[in-house]
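A short worksheet on the structure shown next.
Predicted model only: the values in this text are computed from it and were never measured. Position 1 is the first residue of the sequence; numbering continues from there.
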Amino acid sequence: MRILGPVEVDVDRVLVTIPGRRQRIVMALLALNAGRVVPLDVIIDAVWGESPPASARNQIAICVTQLRRALQGSDEELIAAVPPGYQLRSDTVTVDLRLAEDLVRAGHRARENDDAKTAAEYLRAALDLWRGETLSGLASETMAAEATKLEEWRLTLTEEYIDLKLALGLGSEVITELTVLVGCHPFRETLRAALMRALYSAGRQAEALEVYREGRAILAEELGVDPGPELRSAHDAILQGEPAAPAPPPPRPGPPVAVAQLPSNIAGFVARERELATMDRIFAECRAAGVPTCIVVTSMGGVGKTGLAIRWAHRVAEHFPDGQLFIDLHGYTEQASPLAPEAALDRFLRALGVPGERVPATLNDREALLRSLLANRRVLFLLDNARTSAQVRPLLPGAPGCAVVVTTRDQLTDLVVRQGARPLRLPTLTEEESATLLDTIVGAERMSDDPAATARIAELCDGLPLALRIAGARLLARPHWTPATLAARLDDEQRRLAEFSHGEVGLRANFSLSYQGLPRPAAELFRLLGLLDAPDFADWVAAALLGTGLAEAQDHLEDLLDAQLVHTVGRDPAGQLRHRMHDLVRLYARERVLEEEPEERRRDTVTRVLRCLLTLAHEANRRERGGDFAIVRGTTQAWSPPDTPVDDLLAVPLNWLESERRTLMAGVAQAAGTGLGELAWELAHAGIVLQETRNYHDEWRAAHRSALDTVRRTGNRLGEAVMLYGLGGLEPYRSESSDPLDRALALFGELGHSYGHALALRNLGLVDHFAGRHEAALLRYEAALPGLRQARDRSTEAHVLGCMAQIAVAREDFETADARLREALDICREIGHQRGQAQALWRLGELHLRRDEPVQAAERFTAALEPVRHLRDILGEAYVLCGLGETQISRKRFDDARQTLAHARRLAMDSGESVVCVRACYSLGRALAASGDRDAARKLFEEALAVGNGTAPLWEKRALAALDDL
């Protein structure tokens, strides 16, 4: 397998084509990590980035199956499923990157034995393995980052090779190569100095000086800097007529530096045996795989991350004879700013024996020097109190014998995804472990005098080791106190947080200082933010919390931003600024609101925020559909801040709904959890437009079930009916049973709710329709129309007309189908419902296809593309492209058809909807068969059957027939 250039695979010396962008990315990622397990989450991130579809795991499994099929020329299963992901078996595959690494290691060994000629030959052989830009042709941020690292390594090897050639007196042989490299990297002074030395050694002194003058001019004009020491040294040597010495090779590790910076073990360390064993296992797995260990220990503050890391570091220190390094990165320190990676690298380099004057000036050079020094060493790094991945990434060694433990309050997901770090989330202690820690600190005899008080202290400390240590220290400092005395003091909620302090150590001191300095309205907003369960929030939430106008709330929010108790994370798709509180700050805010605000006000505040969320969601739905359609209203009264710029917020309604998706989910859960059943079901129902357009089936199913449980407990029968209606209609084409919709229909009937009854009939019709029961579906649709028209729900009426037209098409009643679709299209145009227009246009295109009118069909499908793309409705676009591709087959435009249907198939797979996946595979197979590519067509028809697995009987039947015809 070759990744040092375009990704290529050959089996038995025959080049194998890897179809599809996703398959190529998966193949390249596995090849990069040959012999190592690549977690499924890492693969998903490489393929889709931050927005994977709900079906991502299934799609990766399909990719792997297709890759195995493509590699079938080998008798071995090259790709093994090994939890938690997949592994390319290094014992049966050769990867050019691994060959290059072996050659480089051989070259380094030769250089260490003073055999420069052999070293140069090995490095040249390694460089010759590149066939162009590394990993080219892969549209993936993850792969782009990997390619950048490998290209930088390639350039470093080139510099090392050139230095060896110069040292051998063969500078004239590399002049051409150096000239090209300097042209490509004009600011890389090492290359420019090497070119000067090569020219000088070939007797071309004037040209060498011209290279210097050109470099000095470029540096001054583009960067505003003078040439560095290496370039100046080469220039001066040439002027003095002295042979210019080649640049020294990159630093190689000398004798091990006996550095031991680990802090002493934490006294009274208890429990954590499971976590220590997990760290042991990760370390063993990484050693066996030949990769450096990187463990990220994460939790909220006070749980004992540092203590665990230090304990484990001492436990394994003997495995790192070349040193153990420790640094506090001050990510969350009250009296210090986070330590810059440049400063951390400076400390590490000096600790490893690099003189201060030889520590490079730039971050990149310091990072490179550290990795060079550690190439053959075994060193343990403990990076405590990190704040961001960017702060940590430059400090990570590349040598397989090294290990890194990072402690942080953040997740540092980037390290997990891009550097293969292994996360370890640290829980709080159990009550038993908490009592053991108190016994260890204070003394078992003293604590056992009052086991009830000891248990109470452990309970009030809530499993936080820091709180337990503070409590134990206070008892030690006051021998006249009994455990009951401390338990009584901690029982006082007004004094509890104050009790958790001892000397300079406090559980919340850094938060309280900022909080006390806030203006009164800002402090109120800070407290109320502690009531939110949503992960982030927009400005309107602050106004809803305070019950004020938006502009006033924004002023108070600015105070919190200035005090760094809240931080802004960027703008969402609707253009709103979104803000977030750090988890510990949120915890502190929640403590404050529970202590300072009465329960009634807390409940009223939560209710007001959720009412505002519902009001804006209803308005977004109304604007998107052209009316208040397909929404059953409850009794919740509308509310929004008086000066909210609704037109700006909802300029693109779907963007706002997308931006507040997690807020809606959290709102449903919070309403359900606090007994606000009416709000719970209305909020769940309010997401219907987003669900239908963006297909967040799992999220909305969970929201409906949560709300359903609540309304059943409170006897809210309308809410129960609406939630059953929503559950039954989420994915009607997958429904094995109509039970939820049957129950919803009965409840609506009992309540006399004709509109809800009509909506339930519509969804029951969809279930019948997708199951192929056309007569039953038509009866449902016809029965639903009067209720929809009575409620003036034009959008759902148009949808039902479109569905009835589809049945007419299936019966070849083209005249009726045409009339119903034109009526549906007119309705959607009248109300401005873009998605409805797209559906009607698509169905008209399907009708023209059945009439053998491909030109008119293509016009309809093309007209439908604009609205579905505007709505980012990938499922709708997949359907439209399937139709368009089929018209191109009918018109014998097979090249266009293959391109269109390949795009449709990619979108269909991204959507994860089996019906459109089967149709896209079948249609693409038809295009390939018509082009004469029978083998490729057969694979597509087989894929259609595998993906469908009984969920799309019509298209699966056609795929089977097509296979028989091949």
Side-chain angles (χ1 to χ4, degrees), residues 300 456 459-464 467 487-500 507-508 511-512 515-516 518-535 537 540-548 552-553 556-557 560 565-566 581 583-615 634-641 663-684 703 706-707 709-716 719:
M300 62 177 287
R456 181 58 177 160
E459 179 185 352
L460 293 172
C461 289
D462 199 22
L464 287 176
R489 295 174 72 91
L490 294 177
D491 262 323
D492 184 350
E493 290 188 358
Q494 299 300 316
R495 301 179 57 183
R496 183 176 303 158
L497 290 176
E499 293 292 334
F500 282 124
L507 194 61
R508 59 181 179 85
F511 300 144
S512 64
Y515 176 66
Q516 291 167 6
L518 292 171
R520 187 185 60 79
E524 180 185 7
L525 176 58
F526 175 76
R527 292 193 301 273
L528 296 178
L529 281 167
L531 295 170
L532 295 180
D533 286 347
F537 62 95
W540 65 264
V541 174
L545 284 167
L546 291 170
T548 65
E552 180 182 345
H556 304 322
L557 183 57
L560 297 184
L565 291 168
V566 169
M581 301 177 77
D583 286 345
L584 275 179
V585 178
R586 186 193 301 273
L587 175 63
Y588 178 70
R590 184 157 294 183
E591 291 173 350
R592 292 263 55 80
V593 75
L594 291 175
E595 290 194 14
E596 298 183 33
E597 300 291 350
E599 181 180 356
E600 183 178 356
R601 191 187 178 203
R602 298 198 303 266
R603 186 179 179 87
D604 288 347
T605 301
V606 170
T607 302
R608 184 169 57 248
V609 173
L610 297 181
R611 283 173 57 201
C612 184
L613 176 62
L614 180 64
T615 300
T635 59
T636 301
Q637 296 298 307
W639 188 90
S640 61
T663 308
L664 274 166
M665 293 295 95
V668 173
Q670 191 161 10
T674 52
L676 300 172
E678 190 79 357
L679 266 169
W681 77 256
E682 287 200 76
L683 283 168
S706 173
D709 290 342
T710 300
V711 296
R712 280 176 169 167
R713 285 197 304 270
T714 57
N716 189 325

(message) Quick check for you: to the nearest 0.5 Å, what is the distance between Glu682 atom CD and Thr636 atom OG1?
(response) 3.5 Å
(request) Could you tell me whether the side chain of Arg602 and the main chain of Leu531 form a donor-acceptor pair under 3.5 Å? (result) no
(request) List the atom of Leu676, the atom of Arg603, and the distance in Å for their closest heavy-atom pair. (result) CD2-NH2, 3.1 Å
(request) Identify the heavy atoms of Ala589 and Phe526 that sit nearest to each other, and give their distance. (result) CB-O, 3.4 Å
(message) Is there a side-chain contact between Met581 and Leu529 in this structure, where contact means two heavy atoms from C-beta onward sitting under 4.5 Å apart?
(response) yes
(request) With Leu545 as reference, evaluate Val606, Thr605, Leu557 under the side-chain contact (heavy atoms from CB on, under 4.5 Å) test and give the passing residue. (result) Thr605
(request) Evaluate the ring planes of Tyr515 and Tyr588, with Trp represented by its six-membered ring, and classify them as parallel (under 30°), tilted (30 to 60°) or perpendicular (over 60°). (result) perpendicular
(message) Applying side-chain hydrogen bond (donor to acceptor under 3.5 Å, both in side chains), can you list everything that pairs with Gln670, at least two apart in sequence or on another chain?
(response) none
(request) State which residues pass side-chain contact (heavy atoms from CB on, under 4.5 Å) with Ala543; sequence neighbours excluded, sorted by chain then number. (result) Leu550, Ala553, Pro641
(message) Main chain of Leu532, side chain of Arg590: is a donor-acceptor contact present, judged purely on distance under 3.5 Å?
(response) yes
(message) Please check: side-chain N/O of Thr615 versus main-chain N/O of Trp639, any donor-acceptor pairing under 3.5 Å?
(response) yes
(request) Decide, yes or no, whether a salt bridge links Arg527 with Glu524 under the criterion of side-chain N to carboxylate O below 4.0 Å. (result) no
(message) On a heavy-atom basis, which atom in Ala522 and which in Leu560 lie closest, and how many Å separate them?
(response) O-CD2, 3.5 Å
(message) Nearest 0.5 angstrom please: Gln637 CD to Glu678 CD, how far?
(response) 10.5 Å
(message) Out of the candidates Leu614, Val609, Thr607, only one should pair with Arg611 under the side-chain contact (heavy atoms from CB on, under 4.5 Å) rule; please name it.
(response) Thr607
